[in-house]
Amino acid sequence: MIRTHTCGQLRAAEIDQTVTLCGWVLNYRDQGGIIFIDLRDRDGLTQLVFDREVCGAEAHDLAGHARSEWVLQVTGVVKSRGERKNPKLATGEIEIFAKSLIVLNRAETPPFEIGEHSRVGEEARLKYRFLDLRRPAMQRNLIIRHRVLKTVRDYCDHHRFVEIETPTLCKYTPGGARNFLVPSRMHPGSFYALAESPQLFKQLLMVGGYDRYLQVARCYRDEDLRNDRQPEFTQIDLEMSFIDMDDIMGIGEGMAREVWRTILGIELPAPFRRMTWTEAMLTYGSDKPDLRYGMPIIELSDWAVTSGFSVFQRSIESKGVVRALNAKRSSDVLSRRTLDSLTEFAKGLGAKGLAWIKILGDPSKAESWQGPAAKNITEAARSDLARRLEVGEGDVLFFGADSNKMVCSVLGALRVELGTKLLNLARGDDWQFLWVHSAPLYEWSEESQTWGANHHPFTAPYAEHIPLLGSDPGKVLSKSYDMVLNGNEIGGGSIRIHDSATQERVFQALGIDHEEAQRKFGFLLHALSYGAPPHGGMAFGLDRLIMLITQSESIRDVIAFPKTQRGRDEMLDCPTPVTDRQLKELHLVSAAAKPTAAQGG
RNA sequence: GGCCUGGUAGCUCAGUUGGUUAGAGCGCCGCCCUGUCACGGCGGAGGUCGUGGGUUCAAGUCCCAUCCAGGUCGCCA
């Protein structure tokens with residue numbers, strides 16, 4: 001060890017001790033005969049003092065030449081700062097009177113400043129990620145990430161989970177996310193797929209008798225990226241045998257409670273609120289409702305029939321629905337201009353329009369009701385509406401009239417837009433957890449005109465719904481559950497099918513016949529036929545979880561080396577082309593034009 | 001794949017209806033300063049305005065194409 005303490009460690013208790021610190025130069029203030037240097041490491045910041053009278057001319061000169069991000073080793077004596085202490089620093093009561101200085105390494109002038117105050121764009125940060133990682137915000141995020149994983153592993157260990165690794169090179173399975181493919185050198189023309197999740201392996205581990213499995217699993221999906229999506233990401237993956245929904249939900253929320261307690265010192269309620277998928281969709285227009293604010297969606301289809309507003313009435317006649325939400329006391333914020341942009345917002349989601357009414361006075365008076373939809377509504381319908389939506393002065397009402405699916409999606413998105421942006425009702429440190437459970441097993445796809453698995457095709461239906469598999473698959477509900485936090489799905493899972501007969505029936509309803517099932521998932525059906533225990537599990541999206549805990553704006557801020565939106569690594573400058581020889585060895589021919597020298601900036 | 005925003009000094013940005021030599025703050029370089037702490041003072045350097053083409057007497061500014069970054073819809077069972 002070439003240091004005795006870290007840069008965040010020293011306090012008044014160490015006064016008069018001789019210490020050696022190592023770290024990076026954050027900042028220097030050269031006063032001539034006395035030079036101050038702020039020395040930084042991941043632990044904090046300590047002020048060094050180079051007084052020519054104390055440290056001598058040689059060390060003083062050397063200190064005078066030190067620049068940002070040079071790496072120094074300094075030995076000196078801890079002194080009290082007395083009246084000059086800096087309350088902004090944890091080490092602000094003391095400073096080090098340097099006796100000797102060794103420059104461990106010089107540094108090029110960094111492209112951006114490392115301190116708390118610097119504002120840097122993402123392009124520069126990603127290109128110089130090794131410097132970005134020195135910034136306190138990044139260090140805090142990655143250290144929290146470590147502590148969360150440590151907490152999760154300890155929690156699972158206490159609950160008898162066994163951590164087992166599964167392959168990332170595995171078999172391509174159809175459905176779900178697009179896979180990254182890896183060509184096989186030894187099997188010309190054949191490919192591995194990078195695992196999009198360890199789903200089937202963990203079920204096989206249950207058949208293998210491991211009872212309770214845990215993995216911090218890297219997953220790969222070749223889909224377009226978002227603010228909260230990366231091509232490779234990490235799941236906290238769990239699976240348990242001899243349990244039912246309540247057991248695994250108990251373990252999942254116990255883990256969340258333990259993490260919030262340990263990392264944030266916050267005691268979350270027990271148990272978490274629960275809601276069926278159907279209730280979530282009807283009331284919040286979302287399968288992951290943000291409960292930090294109210295604004296429930298109210299069913300008005302029966303009211304619409306007699307409302308007098310022909311647009312609503314026609315919607316009902318064509319088997320649609322009418323629902324509304326009330327943005328309480330928002331008329332000041334929601335200007336005509338903003339309402340117009342919200343109409344465009346709704347149209348962008350596929351709505352034909354967005355009817356709204358502003359209440360600009362006593363709601364019992366007709367003239368208070370303003371807006372395109374207001375004058376078309378009969379007097380009786382208006383007072384009925386006032387009662388149902390609990391209308392008060394200053395409220396703004398929004399209506400959706402369309403198919404059930406469209407109304408859910410438009411009013412659901414509108415509710416989030418109002419709550420999180422326009423009306424600013426959501427705080428980042430307000431933790432509203434809930435479970436959304438019992439989603440439909442199948443989802444109708446308009447595009448392919450077939451039923452598809454809503455979760456994945458290994459999800460167990462409720463036993464009493466199994467007879468509906470052949471006749472009315474849309475009514476079959478699944479033993480599935482998602483953990484939702486502030487409008488984000490942070491984890492999800494299900495009870496799995498554990499007998500091969502049921503598994504085949506579920507495949508059948510998806511249009512997968514016996515032969516196809518054998519070809520694609522034969523290994524699973526085979527395993528289920530050898531005494532598979534009842535089992536189920538869930539997986540948490542670690543990156544998203546850390547993003548929320550640290551209140552980060554992007555998933556890239558909680559990953560050490562992330563990719564850009566087009567899947568590039570700006571620091572490594574990858575992906576890159578390979579040589580013809582490499583392709584030949586892998587039995588591949590590239591159909592892409594040869595990349596030329598990079599264009600543009 | 002669609003839509004939106006952006007790309008100007010090392011960084012963060014400004015740049016008017018197209019008009020002389022493209023600016024600011026921070027950083028950087030030099031000098032001064034023994035109590036600073038986002039130190040201060042004086043002086044200085046630094047630009048292919050992402051790239052390519054077009055319109056024009058004249059383009060950072062207008063048009064077309066393209067690359068890159070971000071956001072979003074589709075997609076992510």
Side-chain angles (χ1 to χ4, degrees), chain A residues 26-38 45-55 60 64 67-69 79 81-89 91-92 95 97 108-128 131 173-179 196-197 199 219-231 233 344-345 347-350 409 413 417 439-443 445 447-448 450-459 478 480 489 492 494 510 541 553-554 556 563-566 568 570 573 595-601:
Chain A
L26 174 67
N27 197 9
Y28 53 93
R29 294 173 293 279
D30 188 343
Q31 305 278 312
I34 189 168
I35 297 166
F36 299 95
I37 291 180
D38 295 332
L45 191 67
T46 301
Q47 173 161 284
L48 311 176
V49 185
F50 292 85
D51 186 326
R52 196 193 296 273
E53 307 296 316
V54 177
C55 68
H60 183 269
R67 291 293 176 266
S68 294
E69 300 309 309
K79 294 286 184 194
R81 290 221 215 167
E83 293 301 303
R84 288 188 295 265
K85 67 182 175 197
N86 184 343
K88 283 184 281 187
L89 293 180
T91 60
E95 60 194 354
F97 267 69
E108 299 283 326
T109 300
F112 51 81
E113 292 159 72
I114 309 301
E116 298 270 10
H117 306 284
S118 72
R119 281 169 54 241
V120 201
E122 267 207 272
E123 266 179 278
R125 288 178 53 197
L126 290 177
K127 185 165 181 189
Y128 293 92
L131 295 179
T173 51
R178 187 181 296 119
N179 291 110
E196 63 188 66
S197 80
Q199 179 60 37
C219 306
Y220 306 86
R221 295 181 187 175
D222 188 7
E223 296 290 348
D224 285 0
L225 306 182
R226 288 284 187 283
N227 179 30
D228 60 352
R229 293 202 315 234
Q230 282 275 302
F233 63 97
E344 288 309 307
F345 175 80
K347 284 180 178 168
L349 295 168
S409 110
E417 185 76 7
L441 189 63
Y442 299 104
E443 194 174 31
S445 165
E447 195 190 347
S448 60
T450 55
W451 291 100
N454 194 356
H455 191 51
H456 57 57
F458 320 111
T459 300
S478 64
S480 65
E489 183 199 320
S494 60
L510 289 166
E553 281 173 20
S554 158
R556 296 179 296 278
K563 308 273 190 291
T564 68
Q565 199 172 56
R566 295 196 65 241
R568 281 176 36 77
E570 296 283 297
D573 191 22
T596 50
Q599 283 177 286

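Reminder, nothing fancy here: chain letters follow the sequence lines and each chain counts from 1.
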Counting any heavy atom closer than 4.0 Å, what does [X] reach on the DNA or RNA strands: base, sugar-phosphate only, or nothing?
{"X": "R125(A)", "value": "nothing"}
{"X": "P457(A)", "value": "base"}
{"X": "R84(A)", "value": "base"}
{"X": "N454(A)", "value": "sugar-phosphate"}
{"X": "D222(A)", "value": "nothing"}
{"X": "R178(A)", "value": "nothing"}

What's the [atom1]-[atom2] distance between [X] and [N], to the nearest Å?
{"X": "L510(A)", "N": "rA77(B)", "atom1": "CG", "atom2": "P", "answer": "14 Å"}
{"X": "E570(A)", "N": "rG50(B)", "atom1": "CD", "atom2": "C1'", "answer": "13 Å"}
{"X": "E95(A)", "N": "rC37(B)", "atom1": "CD", "atom2": "P", "answer": "13 Å"}
{"X": "E83(A)", "N": "rG35(B)", "atom1": "CD", "atom2": "P", "answer": "17 Å"}
{"X": "K127(A)", "N": "rG50(B)", "atom1": "NZ", "atom2": "P", "answer": "16 Å"}
{"X": "L225(A)", "N": "rA69(B)", "atom1": "CG", "atom2": "P", "answer": "11 Å"}
{"X": "F36(A)", "N": "rG40(B)", "atom1": "CZ", "atom2": "P", "answer": "14 Å"}

Would you indicate whether the side-chain heavy atoms of I35(A) and H60(A) approach each other to under 4.5 Å? yes
Pairwise side-chain contact, D573(A) with R568(A), heavy-atom cut-off 4.5 Å (strictly under):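 Yes - at least one pair of side-chain heavy atoms lies under 4.5 Å apart.
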Please determine if a side-chain N or O atom of [X] lies less than 4.0 Å away from the OP1 or OP2 oxygen of [N].
{"X": "K88(A)", "N": "rA38(B)", "answer": "yes"}
{"X": "R67(A)", "N": "rC29(B)", "answer": "yes"}
{"X": "N86(A)", "N": "rC37(B)", "answer": "no"}
{"X": "R226(A)", "N": "rC75(B)", "answer": "no"}
{"X": "Y28(A)", "N": "rG27(B)", "answer": "no"}
{"X": "R229(A)", "N": "rC75(B)", "answer": "no"}
{"X": "R29(A)", "N": "rG35(B)", "answer": "no"}

Shorter than 3.5 Å, N or O on both sides, protein versus nucleotides 11-14 of chain B: list them out with atom names.
residue: rC11(B); atom: O4'; partner: P111(A); partner atom: O; Å: 3.0
residue: rC11(B); atom: O2'; partner: R119(A); partner atom: O; Å: 3.3
residue: rU12(B); atom: OP1; partner: G121(A); partner atom: N; Å: 2.5
residue: rU12(B); atom: O2'; partner: R119(A); partner atom: NH1; Å: 2.8
residue: rU12(B); atom: O2'; partner: R119(A); partner atom: NH2; Å: 2.6

So what's rG6(B) paired with, Watson-Crick or G-U wobble, going by both distances under 3.5 Å? rC68(B)
Is there a Watson-Crick or G-U wobble partner for rC37(B) with both distances under 3.5 Å, and if so, which one is it?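 Matched rC37(B) with nothing under the 3.5 Å cut-off.
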Full working for side-chain contact (heavy atoms from CB on, under 4.5 Å) between R29(A) and D38(A): CA-CA 9 Å; R29(A) 294 173 293 279; D38(A) 295 332; 2.9 Å; yes
Which atom names give the shortest non-hydrogen contact between S494(A) and T459(A), and what distance separates them?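 Of all heavy-atom pairs spanning S494(A) and T459(A), the closest is OG-OG1, 3.4 Å.
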Smallest separation among heavy atoms of P111(A) and L131(A), with atom names: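 Looking at all heavy atoms of both residues, the closest pair is CD-CD1, 3.4 Å.
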Drop me the distance from [X]'s [atom1] to [Y]'s [atom2], to the nearest 0.5 angstrom.
{"X": "Y128(A)", "Y": "E123(A)", "atom1": "OH", "atom2": "CD", "value": "12.0 Å"}
{"X": "E553(A)", "Y": "E122(A)", "atom1": "CD", "atom2": "CD", "value": "9.5 Å"}
{"X": "E95(A)", "Y": "I37(A)", "atom1": "CD", "atom2": "CD1", "value": "13.0 Å"}

Nearest-Å distance once atom C1' is located in both rC76(B) and rU66(B):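 About 29 Å, rounded to a whole number of Å.
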Nearest-angstrom distance, C1' atom, rA22(B) to rA9(B): 11 Å
Is there a side-chain contact (heavy atoms from CB on, under 4.5 Å) between R81(A) and L89(A) once you walk through the steps? CA-CA 12 Å; R81(A) 290 221 215 167; L89(A) 293 180; 3.9 Å; yes
What residues form a side chain to side chain contact (heavy atoms under 4.5 Å, CB included) with E196(A), not counting sequence neighbours? A177(A), N179(A), R221(A)
Given E223(A) and R229(A), is the salt bridge (Lys or Arg N to Asp or Glu O under 4.0 Å) satisfied, shown in steps? CA-CA 9 Å; E223(A) 296 290 348; R229(A) 293 202 315 234; over 6 Å; no
Distances under 3.5 Å only, N/O to N/O: pair up the protein atoms with those of nucleotides 3-5 of chain B.
none

Kindly state whether the pair H456(A) / rA77(B) counts as stacked, where counting means centroids closer than 5.5 Å and planes tilted less than 30° apart. no
The nucleotide from rU36(B), rG71(B), rC28(B) with an atom nearest the side chain of Q565(A) is rG71(B)
